[in-house]
Amino acid sequence: DPGAPTNTWWIRGGVTYEFPAGATLNSGGYLLVVNFNPNTNINALIAFRTIYGIPSTVPIYGPFTGKLDNGGEELELLKPSTANDGPTLTHILVDRIDYDDAFPWPLEPDGSGSSLQRRRPYRYGNDPVNWKGAAPTAGRANVGGSTYGDFDRDGMPDTWEQTNGFNGVSAADANLDSDGD
């Protein structure tokens with residue numbers, strides 16, 4: 001909120017983090033929150049970007065406090081309320097996940113080196129069907145090649161829609177089957 005720059009977003013649950021004043025994220029963008037301070041621990045930042053192939057355009061914030069439990073954890077993303085709540089600022093729940101390492105949650109992230117990845121960012125966060133286990137893609141889309149884009153959020157990649165004559169800016173064609181298969 002440019003009018004109230006000290007009102008920042010929070011992460012709460014197994015880990016805690018308060019984003020700095022002025023932090024922004026472009027539509028369709030990615031950012032990472034890590035357990036070290038990327039502003040003061042340059043060696044850790046370089047190593048982290050190198051290990052995971054994170055583009056330099058992806059902002060990295062930290063450090064968070066706490067630790068995510070491999071056996072399951074709750075996380076919440078909260079934004080500052082724009083209502084006049086008096087002297088105390090309140091926050092509004094934007095998204096929540098309470099993941100587990102047992103069915104119906106994906107089992108691959110439980111000790112296999114896979115990460116728990118959200119299939120689509122606009123789907124309900126606390127439903128196991130909206131998550132998968134896959135190789136880490138930190139700071140990139142959770143699909144092979146890490147170039148996935150779905151501007152109209154219809155479940156079809158923009159590049160596929162363009163190649164196959166669909167409209168990449170309108171979800172109205174989401175249920176069409178142009179070749180009858």
Side-chain angles (χ1 to χ4, degrees), residues 1-83 85-101 105-106 108-123 125-126 130-149:
D1 181 356
T6 58
N7 298 351
T8 61
W9 289 55
W10 297 350
I11 297 173
R12 292 292 189 265
V15 298
T16 300
Y17 184 74
E18 293 183 16
F19 287 91
T24 60
L25 181 63
N26 292 330
S27 177
Y30 297 89
L31 65 78
L32 298 170
V33 181
V34 296
N35 66 347
F36 62 89
N37 188 329
N39 296 317
T40 59
N41 195 338
I42 301 304
N43 290 336
L45 177 62
I46 292 169
F48 189 77
R49 283 192 185 276
T50 301
I51 290 167
Y52 293 104
I54 300 167
S56 61
T57 55
V58 174
I60 298 180
Y61 293 98
F64 62 74
T65 58
K67 183 179 178 186
L68 294 176
D69 189 326
N70 191 43
E73 194 73 71
E74 178 183 69
L75 287 171
E76 294 179 339
L77 178 64
L78 303 130
K79 71 176 185 175
S81 171
T82 57
D85 298 318
T88 303
L89 177 67
T90 60
H91 279 73
I92 300 168
L93 180 66
V94 174
D95 205 357
R96 177 182 178 274
I97 176 176
D98 192 359
Y99 69 87
D100 200 349
D101 66 347
W105 287 90
E108 302 87 356
D110 189 20
S112 72
S114 294
S115 66
L116 185 61
Q117 299 182 358
R118 196 155 177 178
R119 293 179 184 272
R120 298 289 178 263
Y122 48 86
R123 298 280 170 95
N126 203 31
N130 295 327
W131 293 83
K132 66 179 180 177
T137 57
R140 299 177 313 277
N142 295 334
V143 296
S146 298
T147 59
Y148 182 88

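Quick caveat, the model's predicted, so the values are computed rather than measured. Along the sequence shown, residues are numbered consecutively beginning with 1.
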### Task
Could you note down all residue pairs passing side chain to side chain donor-acceptor pair (under 3.5 Å) where residues 64-78 supplies at least one of them, sequence neighbours left out?
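Pairs touching residues 64-78 that pass the test: N70-D110, E74-R96.
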
Under 3.5 Å: donor-acceptor pair, side chain of [X], backbone of [Y]:
X: H91; Y: T8; answer: yes
X: W131; Y: N126; answer: no
X: Q117; Y: A135; answer: yes

#### Entry: Test side-chain contact (heavy atoms from CB on, under 4.5 Å) applied to L25 - qualifying residues, sequence neighbours left out
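Only L31 meet the side-chain contact (heavy atoms from CB on, under 4.5 Å) criterion with L25.
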
#### Entry: Pairwise distance CZ(F19) to CG(L78) - rounded to 0.5 angstrom
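With rounding to 0.5 Å, CZ (F19) is 11.0 Å from CG (L78).
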
### Query
About how many Å separate OH of Y61 and OH of Y17, when rounded to the nearest 0.5 Å?
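Y17 atom OH to Y61 atom OH measures 7.0 Å (nearest 0.5 Å).
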
### Task
Quick one: which residue pairs count as a salt bridge (charged side-chain N to carboxylate O under 4.0 Å, His left out) with a foot in residues 18-42, not counting sequence neighbours?
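Those involving residues 18-42 are R12-E18.
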
#### Entry: Inter- and intrachain pairs under salt bridge (charged side-chain N to carboxylate O under 4.0 Å, His left out), touching residues 34-51, at least two apart
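As it turns out, there is no salt bridge (charged side-chain N to carboxylate O under 4.0 Å, His left out) pair with a partner in residues 34-51 once direct neighbours are skipped.
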
#### Entry: Residues in side-chain hydrogen bond (donor to acceptor under 3.5 Å, both in side chains) contact with T16, at least two apart in sequence or another chain
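Partners of T16 by the side-chain hydrogen bond (donor to acceptor under 3.5 Å, both in side chains) criterion come out as none, since no residue qualifies.
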
### Under the side-chain hydrogen bond (donor to acceptor under 3.5 Å, both in side chains) test, residues paired with D95 that sit two or more places apart
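Expected list: R118.
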
#### Entry: Heavy-atom side-chain proximity of F36 to N43 below 4.5 angstrom
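Side chain of F36 against side chain of N43, heavy atoms only: no contact under 4.5 Å found.
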
### Task
Can you see which heavy atom on N39 is nearest to which on N37, and at what distance?
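Where N39 meets N37 most closely, the heavy atoms are N-OD1, 2.8 Å.
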
### Query
Do you know the tightest heavy-atom contact between L32 and G139?
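Residues L32 and G139, closest heavy atoms: CD2-N, 3.6 Å.
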
